[in-house]
There are 2 protein chains.
Amino acid sequence: MKTIGFDSHNHDACISDALGIATDICAQQKLQFTPVRRRVLEILLHEHRAMGAYDILEVLSSEGLGSQPPVVYRALDFLVKHGLAHRIEGLNAYTACAHLDHEHVPAFLICRTCKAVAETDTGIAQGRLGQAAASAGFTIEKVVVEAEGLCPSCAGAAA
Amino acid sequence: MKTIGFDSHNHDACISDALGIATDICAQQKLQFTPVRRRVLEILLHEHRAMGAYDILEVLSSEGLGSQPPVVYRALDFLVKHGLAHRIEGLNAYTACAHLDHEHVPAFLICRTCKAVAETDTGIAQGRLGQAAASAGFTIEKVVVEAEGLCPSCAGAAA
DNA sequence: TGATAGTCGTTACATTATAACATATCAATA
DNA sequence: TATTGATATGTTATAATGTAACGACTATCA
Ligand SMILES: [Zn+2]
Ligand SMILES: [Zn+2]
Ligand SMILES: [Zn+2]
Ligand SMILES: [Zn+2]
């Protein structure tokens, strides 16, 4: 349950590690890790930030990889569906998964100032929400947990 | 921490109680509970469902209370800001608060079939997410917790 | 090689949300 | 009550986000 995103780290290695794991995952599941899909994941990895679909499209477009919305939405759908990226509901935005190496229910800490995203893990469905669901007879299929606030560096800058 | 939304109940009383409390809250805080604002809350209360802004606008419009998007978005902003309604991020939709009588951090159980919404309460910020935030030096200002799945009656219908 | 499923490029459109500005109303006080 | 500053509303226009649909292309495998 390590939190990634606000601490500094070897980011080039971080990116290439993630791309390697993603490549393996796609190979194992016989998924096509096409140029557009790979590039979108790279773009998301490059920032540890939430990016809007149209922000990503702008980059793709400048590289000749597609200029129409469906191109990026399809790539994002693929990445999200297979757990390589996550959608941040509170921002209508997307971020690369920071825990590619294991199954998880992601939870996010999102800086409202710089949009940096830290992904952590939560056993939320086993906690109070799980109890409430059970007692209501509700079957949970998917959980969104997002905390918005100030990251350490933005909090420091404001002080 | 009672969950409301999937159980049957005296709905007329439920609505008028909520409107009464909302009226009191506005009076206490010297907020203007104008006709549009009140009517939007009524519409949300009438269903225990997530409704899109444009769904609400359609009703308002048919009643001569305003026909342009800003009318409904302003009313929703007011209701959300003062805790009388909540935004459901995962659906880009809105629902009346079911716990007007006390401060709370809402969590939602949302049926993906009928869009019924049950609001429950969670101490999420004190749980694992709170720990993760603290250890990352992140200041939580707002938390979104939404579980999507099947409500009892939709689960029954599918079986 | 042909059949099949998956992917891509593109056009057009749907849905959700805001900016901006003029007008109207409210609430406190001079 | 008349003034006035803050709040709320009406309206137009547009921004931002997301999809449906269709034909062409490509990978995969029998
Ligand atoms: Zn993840
Ligand atoms: Zn920040
Ligand atoms: Zn509530
Ligand atoms: Zn249902």
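Each chain gets a letter, A, B and so on, in the order the sequences are listed, and its residues count up from 1.
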How long is the line joining [atom1] of [X] and [atom2] of [N], in whole Å?
{"X": "B:Leu79", "N": "D:dA8", "atom1": "CG", "atom2": "C1'", "value": "14 Å"}
{"X": "A:Asn92", "N": "C:dT18", "atom1": "CG", "atom2": "C1'", "value": "14 Å"}
{"X": "A:Leu57", "N": "D:dA16", "atom1": "CG", "atom2": "P", "value": "13 Å"}
{"X": "A:Leu31", "N": "C:dG6", "atom1": "CG", "atom2": "P", "value": "11 Å"}
{"X": "B:Asp55", "N": "C:dT16", "atom1": "CG", "atom2": "C1'", "value": "11 Å"}
{"X": "A:Lys30", "N": "D:dT26", "atom1": "NZ", "atom2": "P", "value": "22 Å"}
{"X": "B:Glu89", "N": "C:dA17", "atom1": "CD", "atom2": "C1'", "value": "13 Å"}
{"X": "A:Ile56", "N": "D:dG18", "atom1": "CD1", "atom2": "C1'", "value": "13 Å"}

Phosphate-side-chain proximity, [X] and [N], N/O vs OP1/OP2 below 4.0 Å:
{"X": "B:Arg87", "N": "C:dA17", "result": "yes"}
{"X": "B:Arg37", "N": "D:dA8", "result": "yes"}
{"X": "B:Arg38", "N": "D:dA8", "result": "no"}

Audit row: A:Ile43, A:Met51, side-chain contact (heavy atoms from CB on, under 4.5 Å) steps and yes/no: CA-CA 9 Å; A:Ile43 293 167; A:Met51 295 184 73; 3.8 Å; yes
Is_stacked (B:Tyr54, C:dT16) at 5.5 Å, 30 deg: yes
Which residue lies more 5' along DNA chain C, comparing A:Gln68 with A:Pro35 via nearest heavy atoms: A:Pro35
Rounded distance (nearest 0.5 Å) linking atom CZ of B:Phe138 with atom CD1 of A:Ile110: 7.0 Å
Donor-acceptor pair present, B:Arg74 side chain and D:dG10 base, under 3.5 Å: yes
What nucleotide, of [options], holds the atom closest to the side chain of [X]?
{"X": "A:Tyr94", "options": "D:dG18, D:dT11, C:dT10", "answer": "D:dG18"}
{"X": "A:Gln32", "options": "C:dC21, D:dC22, D:dA27", "answer": "D:dA27"}
{"X": "B:Tyr73", "options": "C:dT10, D:dG18, C:dT18", "answer": "C:dT18"}

Sugar-phosphate, base or nothing in reach of A:Thr34, heavy atoms under 4.0 Å: sugar-phosphate
Nearest-nucleotide comparison on DNA chain D, the residue closer to the 5′ end among A:Leu91 and B:Leu65: B:Leu65
Pair B:Glu119-B:His48, side-chain donor/acceptor within less than 3.5 Å: no
B:Phe108 ring center within less than 6.0 Å of B:His86 ring center: yes
Residue pair B:Arg38, B:Thr23: steps toward the side chain to side chain donor-acceptor pair (under 3.5 Å) verdict: CA-CA 9 Å; B:Arg38 169 182 290 268; B:Thr23 304; 3.0 Å; yes
